[in-house]
Amino acid sequence: MSMRSAGDGEIPGETVRVARAAFPKGSLATRLRDELGVLFTDEQFADLFPSRGRHAWSPGRLALVLVLQFVEGLTDRQAAEAVRARIDFKYALGLELDDPGFDFSVLSEFRDRLTGTDGGRRVMDGVLAAARERGLLKSSGRARTDSTHVLSAARELNWLEMVAETLRAALNAVAHNAPDWLADIAEPDWFQHYATRIDDTRFPASRAKRAEVAERIGRDGMRLLAAVFDPRSPDGLRDLNKVEVLRQMWIQHFHLVEGEVRRRDPKDRPPNATRLVTPYDTDARGSVKRDIMWDGYKVHFTETCEPDAPNLITNVTTTVATVQDRSMAETIHTQLAARDCLPAEHWVDAGYPTAPALVSARRDHGIALHGPIQADNSAQTSAEDGFAQDAFTIDWNKQQAACPGGHTSTTWSERLSQRGQPVLRVVFSASDCRPCTMRQACINTTNAKRPRELRLRRQDEHHALHAARAEQQTDAWKERYQIRAGVEGTMSQAVLRCGLRRSRYRGLAKTSLQHQLTGAAINLARIDAHLIDTPRAPTRISHFAALRPADQEAASGAKCPAPN
C-alpha cells in the first residue's frame, strides 16, 4: 500500500461555506484548523509507506484523525464515522463534503505503522511545532512533571488463573499450527481443563486442593514443553510466541524437586521487573505505590506552566510499572532537549530528585531541578543531641573528615549504596571513638568496638544536596513550589477525557503511542480553550474546608490552593 498525497492543504470552498453556516461560532476542530493550519503533512510519514502499490488514505490526515479521536474519546468506528458524516471534521481535514472517508480498520493499521517507528512522537512534535510557530509554546521558563499508573489492557489474573491461561494460550497456538500432532500427544483431561476460558472454571476454596490444582497445571505445562522441544516435534512450534511465554512463565514459577514439579517459593521467583503477570501482555509488570497495586505501566507527563500561555504538554514518557521515578529525571531532560523544550526550572514531586539528578540537570542541561529532597533519616539526625553529617568538617582535597571531637578519619573509599549509587565511605579510628566523651551522641550502637562511619555523596552531589535541603526550608521556596500541584489537574484531564488510567492496547510500544496521542489531544484542547478565553479551572476546595483557620491549615499540613 503506497501513500496518496492529500493535495495542497486548501479547504474546498463548499466545505468552508457549509461549515461556517453550521458552526457560526466555530467548533474545536474548525478553530484549530483556522489557527494552526495543516498540522501534519504526508511527507512526515512518507517512510511508513512503500513507494509502489495500492494508494493509502492520506497519512497526514490520518494522524489528525487519531488526535481528534482522543480529544473526543471516540472508538475507531466512531472516528471513521465522524470523518464521513461530520462537517467540522471534514473542514479540519480539508475534505470535500461528499468524501466517503475510510473503513475504520485503517486506523488500526496506521497505528501499527506508527508503533514500529515511534511515530507517536512525530504526532506530538507536529502539534508542538505548530504551537511554537504561533507563539503559544514558551518552553524556556518553568515546567512540571508527574507520573501516574496505567492498567494493562489485559484482565488482571490471580496466580492460578495466570498459569492456567498461559498453558491454555500455548495449547491454542500449537493446535492452530500442528493440530494432528497435538491431538496425538494431548492427555484426555487436557480438554476438560483447558478447552474453555479459565475464568469459567471454579477453583477449589481449600488451600490444599488449590495446591494440588497448581501442581497439576505445572505438570501439564512441563509435559507440553517437553513434547514441543523434542527433536521429533514439528518444525516451528518452539518459535511460537505463546510457547515462549509458557517457557518463561514456567521457569519463573515452577521447578523440579526430586523429579516432581513444584511451585517455586516466592523468594525464589524473579523480581517484579522481569516477572510476567499475564500471557496476553508480556510487557506489563506488577508494581506497588503506597496503597495502589496494579499490573501494567507508568506514564510521565511534563508540561509548561506559564501564566500568559496555555499549559502545553512538552514530553510524554511511558515505562513499565516497575521503573522508579527517581531514575527518570535524566531521561525526561534528554527528551526535552531533543524537542528544544528545556525549561529553566523543572518542578517535580519527591519521587524524582536525587543528588545525581540535581547535578546532571544543572551541568548537562542548565536546568534547576526543584522537588522535595528526602531527609537525612540517620539515627544521629533523629536524636536531639546527635551528631549528623553537618556536624563534621569535610576536607575534599585531603579526603578526610574531622569529627566534633577533633579526630580525623582514617579511611576514605568508594562504595555503592543499596540502590547502586556511588558513595564515599568515611571511617574513623575505633581507638579514637572508644574513649571519646561524645560517643553516645555520635554513634548509635552498644558495640564499643564500632567506630563512627559516614556515607557521603561525591563532592558536587554532596554540595547540591545540602544546598537544596537548605533552600527548601525557606518560605519563599515553599511558596514557589505550589506551582507543581497544577500538574495533578493534567492527570485528571487525561483520565477523564482520554481514559489514561487503562491502556487501550497491549504492549509497551502501543501503550506509549496511546500516551503520545493523549498528550497531543490535551494540547489541542488547551490551545482551543486559550483561543476562546476559557478560564483555567481553580483548585476545588469543599465549602467546609474553606472555613479552616489559617493556623490550623498550616498545622495539619493540608495542601494549599495551587495556581494552575
Side-chain angles (χ1 to χ4, degrees), residues 115 120 144-166 169 245 248-253 263-302 313 315-332 335 348-354 356-357 371-372 374 417-421 484 487-488 490-492 494-496 498-516 518-519:
T115 301
R144 55 196 177 195
T145 295
D146 199 10
S147 66
T148 191
H149 63 281
V150 178
L151 303 179
S152 168
R155 185 174 69 87
E156 185 177 352
L157 303 171
N158 63 40
W159 186 83
L160 269 179
E161 290 174 333
M162 178 183 66
V163 293
E165 272 296 317
T166 302
V245 173
Q248 293 182 26
M249 192 77 78
W250 256 237
I251 290 175
Q252 294 178 359
H253 292 278
R263 181 181 178 182
R264 287 186 184 273
D265 186 87
K267 295 182 179 180
D268 193 30
R269 297 174 199 162
N272 284 353
T274 58
R275 191 162 69 234
L276 301 176
V277 295
T278 173
Y280 302 116
D281 188 351
T282 55
D283 290 335
R285 294 293 181 267
S287 189
V288 179
K289 185 175 182 180
R290 292 188 290 273
D291 58 341
I292 301 175
M293 301 177 62
W294 80 101
D295 294 338
Y297 306 93
K298 186 184 290 186
V299 61
H300 304 257
F301 279 178
T302 302
I313 296 173
N315 194 71
V316 180
T317 303
T318 306
T319 68
V320 297
T322 53
V323 175
Q324 299 297 313
D325 291 353
R326 63 174 177 266
S327 65
M328 291 303 299
E330 176 60 26
T331 299
I332 293 171
Q335 293 174 352
V348 296
D349 66 15
Y352 291 90
T354 62
Q374 184 177 3
S417 67
Q418 293 181 346
R419 293 180 175 178
Q421 298 292 334
R484 193 217 67 87
V487 75
E488 304 289 351
T490 298
M491 293 300 180
S492 177
V495 170
L496 296 176
C498 304
L500 177 69
R501 197 72 79 199
R502 179 177 286 279
S503 177
R504 292 188 177 195
Y505 319 111
R506 295 178 181 178
L508 178 61
K510 282 195 172 182
T511 301
S512 178
L513 173 62
Q514 172 186 337
H515 296 158
Q516 298 287 344
T518 297

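Atom set for the values below is all heavy atoms of this structure, side chains included, hydrogens, waters and symmetry mates excluded.
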Is any side-chain heavy atom of [X] closer than 4.5 Å to a side-chain heavy atom of [Y]?
X	Y	result
V316	T518	no
I251	P270	no
E165	Y280	yes
T148	F301	no
V150	W294	no
H253	R269	yes

Check: [Y] main-chain N/O paired with [X] side-chain donor or acceptor under 3.5 Å:
X	Y	value
Q374	A350	no
R502	S152	yes
R285	A321	no
Q252	T274	yes
T166	M162	yes

Mind checking the [atom1]-[atom2] spacing from [X] to [Y]? Nearest 0.5 Å is all I need.
X	Y	atom1	atom2	answer
T145	I313	OG1	CD1	10.5 Å
E156	L151	CD	CG	8.0 Å
D283	S512	CG	OG	11.0 Å
Q324	S147	CD	OG	9.5 Å
D349	R144	CG	CZ	13.0 Å
D268	R263	CG	CZ	12.0 Å

Looking only at heavy atoms, which two atoms of [X] and [Y] are closest? And how far apart?
X	Y	result
L157	P279	CD1-CD, 4.1 Å
V277	A284	CG2-O, 3.6 Å
T278	A154	OG1-CB, 3.9 Å
Y297	L508	OH-N, 3.5 Å
T115	A509	CG2-CB, 3.3 Å
E488	D146	OE2-OD2, 3.3 Å

Flag for T317-N315: side-chain donor and acceptor within less than 3.5 Å: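 Short answer, yes.
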Check: H300/Y352 side-chain N/O donor and acceptor closer than 3.5 Å: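 Side-chain D/A pair, H300 to Y352: present.
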Set of residues satisfying salt bridge (Lys or Arg N to Asp or Glu O under 4.0 Å) with respect to D325, sequence neighbours excluded: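 Result, salt bridge (Lys or Arg N to Asp or Glu O under 4.0 Å) vs D325: K289, K298.
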Full working for side chain to side chain contact (heavy atoms under 4.5 Å, CB included) between L500 and H515: CA-CA 7 Å; L500 177 69; H515 296 158; 3.5 Å; yes
